[in-house]
Amino acid sequence: MLKIVFDWCKRHIVLFTIASVIFVVMFGFINIQILHMTSEPEFCHLCHPAQGFGPLAEVDSWEHSAHGDAGVSCLDCHGRPGVLGYAKAKLGGLKDTYMQLTISKEEKLEILSNPHEDLVPSWHCLYCHTDEGNRIVRETTRGPMQLVNMRMLDDVVNPAFRERKGLADIMEDDFVGGTHFNHSMHVENFDLTCRDCHFGVVHNPATATDRMNFCLACHADAVDDAPQISDCNVCHEAQLAMNEGTGVEGVEDTPGMMYGDAADMTCTDCHTGVTKGVYRPSAASCTNCHEDEAYRDIFNDWEASTKASIEELKTLRVEIEAALLDADAAKRDTAEVWKTYAQGLRNLKFVRNDGTNGVHNNEYAIAILESVRADFKKAMVQLDSVW
Ligand code: HEC
Ligand code: HEC
Ligand code: HEC
Ligand code: HEC
Ligand code: HEC
Ligand code: HEC
Ligand code: HEC
Ligand code: HEC
């Protein structure tokens with residue numbers, strides 16, 4: 001039987017070779033398609049389907065996170081860099097599938113509620129968020145970084161990656177995310193991991209209170225000249241800048257009407273709960289000073305309109321970045337466009353880092369967002385002209 005097959009192959013060697021090549025290419029193609037498909041958040045959603053945040057809602061919480069906005073996907077964090085790291089993550093996926101079939105709902109919830117301490121190790125975060133950490137990983141990763149383009153992670157080369165994403169080098173800069181904070185001093189002196197402070201960075205946004213309390217564990221009793229709880233401005237530079245209405249190039253300074261000498265007010269006039277550990281005021285706090293209940297509506301208006309504008313700009317941002325990457329792939333000269341885009345992105349983050357959707361200083365926040373819109377429009381016009 002085998003002999004007949006071999007003889008046939010020998011006689012039709014050309015046909016046989018062509019058929020084999022087609023088979024190998026098709027099979028490889030299908031495999032890569034399967035790898036792609038099973039790496040997409042939509043696939044993870046099959047077994048991590050809940051809404052909101054917390055265990056089981058990992059896909060939904062990611063969709064609303066800054067990493068999600070920036071196109072950093074599941075396997076960019078849940079798989080280590082390089083081809084071997086990718087392969088290992090895919091094997092882990094097989095284990096997930098096996099577990100899904102064999103363990104109870106309660107057991108699954110138990111595992112998801114207690115994520116492994118090293119689920120995403122600090123060095124992995126540093127690979128994207130510093131230049132030195134990136135270099136070390138690229139130099140020590142065994143095997144090739146990538147065979148075909150499977151995800152963002154394997155392409156990350158700093159400083160280029162972080163600059164285009166408008167990010168600081170967290171070990172070099174001590175003004176990060178709008179806060180005055182020296183990472184290298186704290187991480188190295190106190191042997192902290194990223195997770196100690198950034199727990200829930202993607203999957204649970206409600207951890208800001210815990211983070212501030214974590215700072216106060218040390219900063220509540222006088223350590224040298226380190227800031228104390230009453231020194232809001234030392235840590236909260238983004239919020240200070242927004243209240244003072246300064247710091248964005250090309251947008252006129254516009255002091256907030258409820259901050260500073262003119263209004264004779266400081267942070268704690270609104271943030272009255274800080275001594276009780278309640279840092280975030282609500283709409284109800286407006287009526288502490290303004291008797292008219294209508295001021296709650298003003299709060300809601302400020303918040304809703306600014307939020308809508310931010311959401312719209314975020315969508316625009318994703319479109320422009322995708323178009324820029326397309327243009328880069330086609331070898332167009334995009335250097336100037338990236339610059340315009342990065343300036344818009346920086347200013348968008350200025351508003352986002354304040355975190356109040358315009359409540360601190362609505363006029364200034366709106367003016368900044370208008371400038372972002374103008375920068376993004378300009379980037380699109382520039383992009384049209386390089387094609
Ligand atoms: C077939 C169902 C299924 C799919 C699809 C699935 N998971 Fe899971 N996942 C599970 C189950 C069950 C667990 C808990 C048991 C375990 O750790 O394997 C889990 C656990 C996890 C954990 C925590 C592991 C730990 O040790 O704490 C991560 C991270 C994770 N999944 C990520 C993903 C990502 C990323 C995807 C998409 C690429 C995905 N999962 C797709 C079923 C699934
Ligand atoms: C693939 C590269 C990559 C990896 C890996 C990565 N990040 Fe990020 N991170 C980014 C990008 C890009 C942004 C910018 C998001 C935006 O546009 O605002 C970001 C933003 C952030 C922010 C600011 C926004 C926020 O959500 O508060 C923090 C904090 C952060 N990352 C921490 C971490 C930590 C901790 C880890 C490890 C668990 C990590 N990152 C892993 C790329 C990465
Ligand atoms: C002692 C607490 C602490 C530790 C530990 C820590 N961070 Fe941060 N990180 C902060 C604070 C505070 C900010 C300021 C913004 C904020 O509060 O979200 C910040 C901001 C960031 C940002 C935002 C930068 C930007 O430009 O938007 C990134 C990225 C980040 N950290 C990554 C990391 C990584 C990676 C590690 C682990 C090596 C780490 N952090 C460890 C407290 C910490
Ligand atoms: C920027 C890095 C990053 C990205 C992107 C990311 N995760 Fe996570 N994920 C983490 C970290 C860090 C933890 C550990 C727990 C924590 O700090 O919240 C975690 C925890 C988990 C867990 C364990 C259970 C839990 O809720 O803590 C699952 C499951 C999970 N992630 C799935 C996903 C899926 C699915 C995606 C894509 C839709 C995704 N992650 C995207 C960093 C990331
Ligand atoms: C383990 C204790 C500890 C924790 C936790 C801690 N700090 Fe510190 N921090 C210190 C000490 C000690 C100093 C003083 C160092 C010096 O003066 O040389 C300091 C100094 C500072 C300074 C002033 C020095 C500088 O960097 O310019 C700032 C700002 C600061 N910390 C912010 C924070 C924030 C924000 C957090 C929480 C995210 C935090 N710290 C958490 C111990 C801690
Ligand atoms: C030692 C530095 C430090 C000081 C001093 C400080 N904070 Fe914070 N605060 C933080 C950090 C870090 C966070 C977490 C930010 C984040 O996760 O984005 C935070 C979070 C907050 C939040 C958000 C809490 C939530 O649950 O959403 C508010 C509001 C706040 N701080 C107000 C204040 C006020 C008002 C003061 C002065 C009375 C003050 N902080 C002093 C570091 C500090
Ligand atoms: C601690 C007291 C205090 C709190 C709390 C407060 N305000 Fe004010 N607000 C003032 C003062 C004082 C002025 C007048 C400043 C001036 O005229 O120069 C003012 C002015 C205003 C104005 C413009 C002039 C006017 O009277 O209409 C608006 C709008 C306003 N506040 C809305 C709010 C909203 C919304 C909140 C809740 C986030 C709020 N305020 C919380 C003290 C406060
Ligand atoms: C007019 C009242 C008012 C004043 C003055 C004020 N805040 Fe706020 N702040 C608020 C309100 C209200 C919120 C909650 C907004 C929301 O939930 O959308 C808030 C939120 C915050 C947050 C949380 C932001 C986040 O990322 O979630 C921080 C931090 C903060 N304020 C710090 C400050 C600092 C520092 C000052 C002084 C420089 C200050 N605030 C002055 C009313 C005020």
Side-chain angles (χ1 to χ4, degrees), residues 37-48 55-56 58-59 62 65-79 81 89-90 92-103 105 107-116 118-130 133-134 151-156 158 161-162 164-171 173 175-187 190-203 205 207-208 211-212 214-215 217-218 235-238 314 317 321 345 348-349 352-353 355:
M37 214 181 68
T38 55
S39 302
E40 293 296 320
E42 290 80 7
F43 178 73
C44 315
H45 190 260
L46 293 174
C47 303
H48 300 272
L56 286 178
E58 290 86 5
V59 179
W62 166 82
S65 73
H67 285 96
D69 290 342
V72 180
S73 195
C74 313
L75 290 189
D76 291 324
C77 283
H78 291 296
K90 297 309 290 185
L94 286 180
K95 184 194 134 219
D96 269 19
T97 312
Y98 172 75
M99 298 285 268
Q100 176 77 15
L101 297 171
T102 50
I103 61 178
K105 254 191 187 152
E107 284 171 301
K108 180 177 175 188
L109 208 59
E110 173 74 20
I111 293 174
L112 296 184
S113 305
N114 300 291
H116 192 270
D118 233 11
L119 197 57
V120 185
S122 290
W123 67 262
H124 185 104
C125 310
L126 289 171
Y127 169 77
C128 284
H129 284 295
T130 63
N134 182 264
R151 51 182 178 164
M152 173 193 282
L153 186 72
D154 304 317
D155 275 335
V156 172
N158 278 337
F161 171 80
R162 33 167 213 90
R164 286 185 166 183
K165 295 283 188 189
L167 288 167
D169 178 330
I170 61 146
M171 290 306 220
D173 295 321
F175 182 59
V176 288
T179 304
H180 179 88
F181 181 71
N182 183 334
H183 273 85
S184 60
M185 187 279 278
H186 283 89
V187 169
F190 306 111
D191 210 13
L192 299 169
T193 66
C194 311
R195 196 172 186 251
D196 289 329
C197 289
H198 293 291
F199 188 86
V201 60
V202 176
H203 303 299
T207 48
R211 179 136 77 239
M212 179 154 154
F214 188 74
C215 312
C218 295
C235 296
H236 289 293
E237 280 191 41
K314 275 195 202 159
R317 169 218 169 152
E321 198 169 314
L345 189 56
L348 179 57
K349 284 190 182 175
R352 198 191 69 195
N353 286 341

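Hydrogens, waters and symmetry mates play no part in the numbers below; they use all other heavy atoms, side chains included. Just so you know, ligand 1 is whichever comes first in the structure, and atom 1 is the first atom listed for that ligand. Please read these numbers as outputs of a predicted model, since none were measured by experiment.
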Backbone N/O of Asp76 and side chain of Arg151: donor-acceptor pair under 3.5 Å: no
Val201 vs His67 side-chain heavy atoms within contact, under 4.5 Å: yes
Side chain, backbone, both or neither: the part of Asp196 lying under 4.0 Å from ligand 3 by heavy atom: neither
Side chain, backbone, both or neither: Thr193 near ligand 3, heavy atoms under 4.0 Å: backbone
Gln100 and Lys108, any side-chain heavy atoms less than 4.5 Å apart: yes
Closest protein heavy atom (residue, atom, distance) for atom 32 (C) of ligand 3: Ile170 CD1, 3.7 Å
Any side-chain heavy-atom pair of Pro41 and His48 under 4.5 Å: no
Per atom 14 (C) of ligand 1, closest listed option by heavy atom (Ile111, Thr102, Val120): Ile111
Ligand 3 atoms in contact with Leu126 (distance to a heavy atom under 4.0 Å): 38 (C)
Atom 3 (C) of ligand 1: the protein heavy-atom neighbour that sits closest, reported with distance to 0.1 Å: Cys47 SG, 2.6 Å
Pro115 vs Glu58 side-chain heavy atoms within contact, under 4.5 Å: no
Closest to atom 24 (C) of ligand 1 among Leu119, Ile103, Asp118 (heavy-atom distance): Leu119
Nearest neighbour in protein (non-hydrogen) for atom 15 (C) of ligand 3: Thr179 OG1, 3.4 Å
Protein contact for atom 27 (O) of ligand 2 (heavy atom, distance under 4.0 Å): no
His78 neighbourhood, listing ligand 1 atoms whose heavy-atom distance to it stays under 4.0 Å: 29 (C)
Atom indices of ligand 3 within 4.0 angstrom of Cys125 heavy atoms, with elements: 35 (C)
Aromatic ring pairing His186/Phe181, orientation class (parallel under 30°, perpendicular over 60°, tilted between): parallel
Expected output: side-chain Asp155 to main-chain Met152 donor-acceptor under 3.5 Å: no
Identity and distance of the protein heavy atom lying nearest atom 12 (C) of ligand 3: Phe181 CG, 4.0 Å
For atom 7 (N) of ligand 2, the option (of His124, Arg317, His129) bearing the nearest heavy atom: His129
Residue Thr38 vicinity, atoms of ligand 1 by number, heavy atom under 4.0 Å: 38 (C)
Check: Asp154 side chain, Pro81 main-chain N or O, donor-acceptor pair, under 3.5 Å: no
Short side-chain to backbone donor-acceptor contact, Ser122 and Cys194, under 3.5 Å: yes
Atom indices of ligand 1 within 4.0 angstrom of Cys74 heavy atoms, with elements: 35 (C)
Proximity to ligand 1 by part of Leu112, non-hydrogen separation under 4.0 Å: side chain
Heavy-atom nearest neighbour in the protein, as seen from atom 25 (C) of ligand 3, with distance rounded to 0.1 Å: Gly177 N, 3.3 Å
Cys44, portion touching ligand 1 at heavy-atom distance under 4.0 Å: both
Close-contact set for ligand 2 against Asp76 heavy atoms, below 4.0 Å: 5 (C)
Ligand-side contact atoms (ligand 2) for residue partner Arg352, heavy atom cut-off under 4.0 Å: 16 (C), 18 (O), 24 (C)
Selection from Asp69, Leu75, Leu167 by shortest heavy-atom distance to atom 11 (C) of ligand 2: Leu167
Side-chain heavy-atom pair Phe190, Met185 within 4.5 angstrom cut-off: yes
Any N, O or S atom of His48 closer than 2.8 Å to atom 8 (Fe) of ligand 1: yes
Rounded distance [0.5 Å steps], NE2 in His45 versus CD in Glu42: 9.0 Å
Heavy-atom donor-acceptor pair, Asp169 side chain to Met171 backbone, under 3.5 Å: yes
With atom 8 (Fe) of ligand 3 as the apex, the NE2/NE2 angle for His183 and His198 - to 10°: 180°
Within-shell test, Lys349 vs ligand 2, heavy atom, strictly < 4.0 Å: yes
Contact atoms of ligand 3, heavy-atom distance to Arg211 under 4.0 Å: 16 (C), 17 (O), 18 (O)
Atom nearest to atom 8 (Fe) of ligand 1 - Asp96, N, O or S atoms considered: OD2
Student check: side-chain heavy atoms of Leu153 and His124 closer than 4.5 Å: yes
Enclosure of Asn114 CG (heavy-atom neighbours >12, cutoff 6.0 Å): yes
Which residue and heavy atom of the protein sit nearest atom 13 (C) of ligand 3, plus the separation: Val176 CG2, 4.1 Å
Subset of ligand 2 atoms that lie under 4.0 Å from at least one heavy atom of Ala70: 12 (C), 15 (C), 17 (O)
Distance filter under 4.0 Å to Cys197 heavy atoms, resulting ligand 3 atoms: 1 (C), 2 (C), 3 (C), 4 (C), 5 (C), 42 (C), 43 (C)
Proximal ligand 1 atoms for Lys108, defined as those under 4.0 Å from one of its heavy atoms: 11 (C), 12 (C)
Atom 38 (C) of ligand 3: nearest protein contact (heavy atom, Å): Cys194 SG, 2.7 Å
Ile111 side chain reached by Ile103 side chain, heavy atoms, under 4.5 Å: yes
Between NZ on residue Lys165 and CD on residue Glu321, distance to nearest 0.5 Å: 3.5 Å
Asn158 (side chain) donor-acceptor with Asn134 (main chain) under 3.5 angstrom: no
Candidates Leu126, Leu192, Ile170 - the one meeting side-chain contact (heavy atoms from CB on, under 4.5 Å) with His183: Ile170
Check: Leu109 and Leu56 side chains under 4.5 Å, non-hydrogen atoms: yes
Closest protein heavy atom to atom 2 (C) of ligand 2, given as residue, atom name and distance to 0.1 Å: Cys128 SG, 1.9 Å
Among Met152, His67, Glu321, closest by any non-hydrogen atom to atom 21 (C) of ligand 2: His67
